A.B. asks: 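For reference, the structure I am asking about is given below.
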Amino acid sequence: MLQVTEKAVSKVKDLLQVENKQGWALRVAVKGGGCSGFEYGLTFDNERRPNDEVLQFNGLTVYVDKASRLFIEGVRLDYDDGLTGSGFKFENPNATGTCGCGSSFSV
């Protein structure tokens with residue numbers, strides 16, 4: 001299903017520690033919006049919902065809701081801290097198009 005790189009896992013763990021949210025999970029979601037139709041969402045959550053799939057990546061818990069599962073099949077979440085900008089990056093092999101800024105996609 002979803003792949004999360006070690007670099008992304010490490011960054012999320014750092015952010016959880018800075019925000020004093022030990023024991024919380026990363027929620028990965030897809031919602032309608034953006035100029036290409038769908039947008040990714042990343043938030044911290046301390047409650048599992050009944051329709052969540054729970055994934056584990058080197059001690060990091062990730063929640064994915066049922067509706068989002070279809071859109072993140074094969075998606076790779078990475079973290080880039082290069083000179084041109086830093087942030088989480090989604091690589092979706094199923095996307096048929098993306099917007100110019102890369103924040104939304106279509107399938």
Side-chain angles (χ1 to χ4, degrees):
M1 175 195 255
L2 175 70
Q3 301 170 32
V4 182
T5 67
E6 189 58 43
K7 200 169 187 180
V9 168
S10 179
K11 185 62 177 180
V12 171
K13 287 180 177 180
D14 289 348
L15 291 170
L16 286 167
Q17 185 174 359
V18 166
E19 294 190 21
N20 198 26
K21 293 184 176 182
Q22 289 81 5
W24 286 47
L26 175 68
R27 179 169 296 281
V28 178
V30 173
K31 60 183 180 176
C35 50
S36 290
F38 296 99
E39 292 180 308
Y40 299 105
L42 295 175
T43 57
F44 295 136
D45 200 337
N46 64 347
E47 289 189 40
R48 179 182 179 194
R49 298 177 191 153
N51 66 346
D52 284 341
E53 183 159 344
V54 180
L55 307 170
Q56 295 289 327
F57 298 95
N58 297 323
L60 173 67
T61 301
V62 176
Y63 297 149
V64 179
D65 66 85
K66 185 178 180 179
S68 297
R69 281 185 231 163
L70 298 172
F71 297 104
I72 64 164
E73 186 67 37
V75 169
R76 182 174 181 256
L77 175 61
D78 196 8
Y79 184 79
D80 184 18
D81 57 359
L83 293 173
T84 59
S86 61
F88 291 96
K89 311 286 185 203
F90 288 91
E91 298 171 16
N92 187 343
N94 304 310
T96 58
T98 59
C99 66
C101 66
S103 66
S104 67
F105 67 100
S106 58
V107 288

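The structure displayed is predicted, hence computed values, not measured ones. For the single chain, residues carry numbers from 1 onward in sequence order.
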A.B. asks: Write out all pairs satisfying salt bridge (Lys or Arg N to Asp or Glu O under 4.0 Å) with one or both partners inside residues 2-16, taking only residues at least two apart or from two chains.
C.D. replies: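 Found Lys7-Asp81.
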A.B. asks: For Glu73, what residues pass the side chain to side chain contact (heavy atoms under 4.5 Å, CB included) criterion, not counting sequence neighbours?
C.D. replies: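 Residues passing side chain to side chain contact (heavy atoms under 4.5 Å, CB included) with Glu73: Met1, Asn94.
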A.B. asks: For Leu55 and Phe57, run side-chain contact (heavy atoms from CB on, under 4.5 Å): C-alpha distance rounded to whole Å, both residues' side-chain angles, the deciding distance at 0.1 Å, then the answer.
C.D. replies: CA-CA 7 Å; Leu55 307 170; Phe57 298 95; 3.6 Å; yes
A.B. asks: Which residue pairs satisfy the salt bridge (Lys or Arg N to Asp or Glu O under 4.0 Å) criterion with at least one member in residues 58-70, sequence neighbours excluded?
C.D. replies: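 Of all non-adjacent pairs touching residues 58-70, those that pass salt bridge (Lys or Arg N to Asp or Glu O under 4.0 Å) are Glu53-Arg69.
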A.B. asks: For atom CD of Glu47, decide whether the heavy atoms of other residues, nucleotides or ligands shown that lie under 6.0 angstrom number more than 12.
C.D. replies: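 Not more than 12 within 6.0 Å, no.
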A.B. asks: Distance check, rounded to the nearest 0.5 Å: Phe38 atom CZ versus Ser68 atom OG?
C.D. replies: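 Between Phe38 CZ and Ser68 OG, I get 10.0 Å after rounding to 0.5 Å.
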A.B. asks: Start with the C-alpha distance between Phe44 and Leu26, add both sets of side-chain angles, then the distance that settles side-chain contact (heavy atoms from CB on, under 4.5 Å), and finish with yes or no.
C.D. replies: CA-CA 5 Å; Phe44 295 136; Leu26 175 68; 4.2 Å; yes
A.B. asks: Taking only residues at least two apart or on different chains, which pairs with a member in residues 15-29 satisfy salt bridge (Lys or Arg N to Asp or Glu O under 4.0 Å)?
C.D. replies: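 Pairs touching residues 15-29 that pass the test: Glu19-Lys21, Arg27-Asp45, Arg27-Asp52.
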A.B. asks: Which residues satisfy the side chain to side chain contact (heavy atoms under 4.5 Å, CB included) test with Ala8, sequence neighbours excluded?
C.D. replies: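 In terms of side chain to side chain contact (heavy atoms under 4.5 Å, CB included), with neighbours along the sequence ignored, Ala8 is linked to Val4, Thr5, Leu77, Tyr79, Phe88.
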A.B. asks: State the NZ-CG distance between Lys89 and Asp80, to the nearest 0.5 angstrom.
C.D. replies: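 Nearest 0.5 Å value for the NZ-CG distance: 5.5 Å.
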A.B. asks: Does any part of the side chain of Asn92, heavy atoms only, come nearer than 4.5 Å to the side chain of Tyr40, both counted from C-beta?
C.D. replies: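 They are in side-chain contact.
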A.B. asks: Between Gly74 and Pro93, which heavy-atom pair has the shortest distance, and what is it?
C.D. replies: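 Taking Gly74 first and Pro93 second, the nearest heavy atoms are O-CD, 3.3 Å.
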A.B. asks: Could you give the distance from CD (Gln22) to CG (Asn20), rounded to the nearest 0.5 Å?
C.D. replies: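 Reported to 0.5 Å precision, the distance equals 5.0 Å.
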A.B. asks: Kindly write out the residues that satisfy side chain to side chain contact (heavy atoms under 4.5 Å, CB included) with Gln56, not counting sequence neighbours, or none if the list is empty.
C.D. replies: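 Expected list: Val54, Thr61.
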A.B. asks: Within this structure, what is the CZ-CG distance for the pair Phe71 and Leu2, rounded to the nearest 0.5 Å?
C.D. replies: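 If I round to the nearest 0.5 Å, the distance is 15.0 Å.
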A.B. asks: Compare all side-chain heavy atoms of Phe90 with those of Arg76 and state whether any distance is below 4.5 angstrom.
C.D. replies: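 No, side chains not in contact.
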A.B. asks: Linking I/L/V/M/F/W/Y whenever their side-chain heavy atoms sit closer than 4.5 Å, directly or via other members, would Val12 and Val64 fall into one cluster?
C.D. replies: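 Looking at the clustering, Val64 is in the same group as Val12.
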